[in-house]
S.K.: 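One structure coming up, written as structure tokens, with questions to follow.
Just so you know, these numbers come straight off a predicted model, no measurement behind them. Just so you know, ligand 1 is whichever comes first in the structure, and atom 1 is the first atom listed for that ligand.
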Amino acid sequence: MSKVLVSDPIDQAGIDILSQVATVDVKTNLKPAELIEIIGEYDALMIRSGTQVTKEIIEAGTQLKIIGRAGVGVDNVDVPAATRQGIVVVNSPEGNTIAAAEHALAMMLSLSRYIPDANASVKRNEWDRKTFVGAEVYKKTLGIVGLGKIGSHVAAVARAMGMRLLAFDPFISTERAEQIGCQLVDLDLLLQQADYITLHIPKTPETTHLINAERLAKMKPNARIINCARGGIIDEDALAAALKEGKIAGAALDVYESEPLGESQLRAIGKEVILTPHLGASTTEAQVNVAIDVAEQIRDVLLGLPARSAVNIPGLNPDVLEELKPYMQLAETLGRLVGQLAGGRVELLNVRLQGELATNKSQPLVVAALKGLLYQALRERVNYVNASIEAKERGIRVIETRDASVKDYAGSLHLEATGTLGTHSVTGALLGDGEIYLTNIDGFPISVPPSQYMVFTLHRDMPGIIGKLGSLLGSFNVNIASMQVGRKIVRGDAVMTLSIDDPLPDGILTEIIKVPGIRDAYTVTL
Ligand SMILES: NC(=O)C1=CN([C@@H]2O[C@H](COP(=O)(O)OP(=O)(O)OC[C@H]3O[C@@H](n4cnc5c(N)ncnc54)[C@H](O)[C@@H]3O)[C@@H](O)[C@H]2O)C=CC1
Ligand SMILES: O=C(O)C(=O)COP(=O)(O)O
């Protein structure tokens, strides 16, 4: 039975799903050293934002197949390290969208009406109606930085409250922004015009300290800023200084450069600052959503099925995979075959997607072909997650072409590998019943289903050669299951493909090459 470690608090609905297929250990608040010590036992790790999944933890997780983030942000996971190790990283892209958007909106209204401080004063038995005179958001300008899932929901609600909307997001189109009712502007203009600014972007090297002293200085003195995205997008020291100097009117933060928040000048500022302890996703509904979403994906991956929201396997979503499924095995088989024919170190792989495969959706087939190609070198260590990165690190260049005009089969795949020992090519297709067929080897047409052990020869098409090869193999007790010759012209060059019942014993290949008329021979294990 697989083992799953849950190292941050998640909803019981997720634990129930994981328990269907695995032994589940819930161990929260582990120190990094404690996690490193035990992670080697586990097949999957499920986390929220509390656990920092560093390179060291990933390297110690020698059995790990999947890391599931019950939430959106994966900035607490060293995703490149996981990818290199073939570990799929999944998240729940939509499970907490509404919760996070509503928290940002609650922060905006709370900042405007000083609700936290007003509440605290009444609880202290005061009745102060002067200090807490606020501002309306109606007809004010809201600047949304990051118009993704959360930013878009914030926009929809803010629009209903009568706000004017500006957005900065270099990765979305003006049309999309207009559909949501936002005017797409550059960051400077947004900073200069907005009365409220709300951040909904991921934390990346580009967004770290995006809001620094210089940008805070561009904001209006009555402006208020809200960060329910990630700590570190705002420079907290610069923010505290801007608030103290009255350069801006308020700030509401849910996330911090370091969590839990330690010593901070922000605590000393009064009603202009609201601080919550990373509560954006903390609603009952969101926690059920993300726990189910991620637990289902962990369950599926442990059962050998694809994950729907993998952040490190581009293009591999389950709908596309379902369509491509029969072809994935074809691509992997051809990759294994061409890699062994090429022998030596492969430097270039040409992948031609033909017929109905000539669409952008077929990209996973390229990954499957690479997985097959690298199998010789990496065995079970190569998978769909790390095949591309492993190929890149080995200096294998991949050229992908598409040719819809090839109509011999509904869809076919042609691979050509060039390495230190020469160039070889294979083509394959699926026949009516979905069975894989090899349809061409090194330019010679054939029609053979691949088998586990195969021998290929390049020879001159002449009488007697098949008999000689048959008796040679017979003398070594090698049983031939099937045999086929492919040739372009009579008595010209030809290719012979043999399926044999057992691996070819050592030393026989050199005997085969000695048969007059045979120029070359290869044996492969598929
Ligand atoms: N406080 C909390 O508990 C929660 C925080 N979050 C955080 O909220 C953030 C947004 O989440 P979603 O809307 O779901 O993500 P999303 O991926 O749907 O949207 C992010 C948007 O940011 C844009 N973007 C990326 N880099 C940018 C840049 N340099 N400048 C401007 N825009 C940029 C992208 O184009 C995208 O449209 C994430 O950082 C996530 O971790 C999410 C849920 C809960
Ligand atoms: O989903 C996100 O990105 C969040 O920040 C939520 O974090 P949490 O799961 O509540 O620790």
S.K.: For G71, state whether at least one heavy atom is located under 4.0 Å from any atom of ligand 1.
M.R.: no
S.K.: Going by heavy-atom distance to atom 9 (O) of ligand 2, choose the closest among H103, R230, R69.
M.R.: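 Minimum heavy-atom distance to atom 9 (O) of ligand 2 goes to R69.
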S.K.: Provide the number and element of each atom of ligand 2 under 4.0 Å from a heavy atom of N96.
M.R.: 1 (O), 2 (C)
S.K.: Can you list the ligand 1 atoms lying under 4.0 Å from a non-hydrogen atom of H278?
M.R.: 1 (N), 2 (C), 3 (O)
S.K.: Under 4.0 Å from any heavy atom of G146, which atoms of ligand 1 are there?
M.R.: 22 (O), 32 (N)
S.K.: For ligand 2, does S49 get within less than 4.0 Å through its side chain, its backbone, both, or neither, judged by non-hydrogen atoms?
M.R.: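 The answer is both, backbone and side chain.
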S.K.: For atom 21 (C) of ligand 1, which of R176, H103, R69, H200 has the closest heavy atom?
M.R.: H200
S.K.: Could you tell me whether L147 approaches ligand 1 through its side chain, its backbone, both or neither, with non-hydrogen atoms closer than 4.0 Å?
M.R.: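 Backbone only; the side chain of L147 stays clear of ligand 1.
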S.K.: Please state whether N96 comes within less than 4.0 angstrom of ligand 1, counting heavy atoms only.
M.R.: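 It does, in that a heavy atom of N96 comes within the 4.0 Å cut-off of ligand 1.
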S.K.: Would you mind listing which atoms of ligand 1 come within a distance below 4.0 Å of any non-hydrogen atom of G73?
M.R.: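 Heavy-atom distances to G73 below 4.0 Å select 41 (O).
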S.K.: Among all the protein's non-hydrogen atoms, which is closest to atom 10 (O) of ligand 2, and how far away is it?
M.R.: R48 NH2, 2.8 Å
S.K.: For A70, state whether at least one heavy atom is located under 4.0 Å from any atom of ligand 2.
M.R.: yes
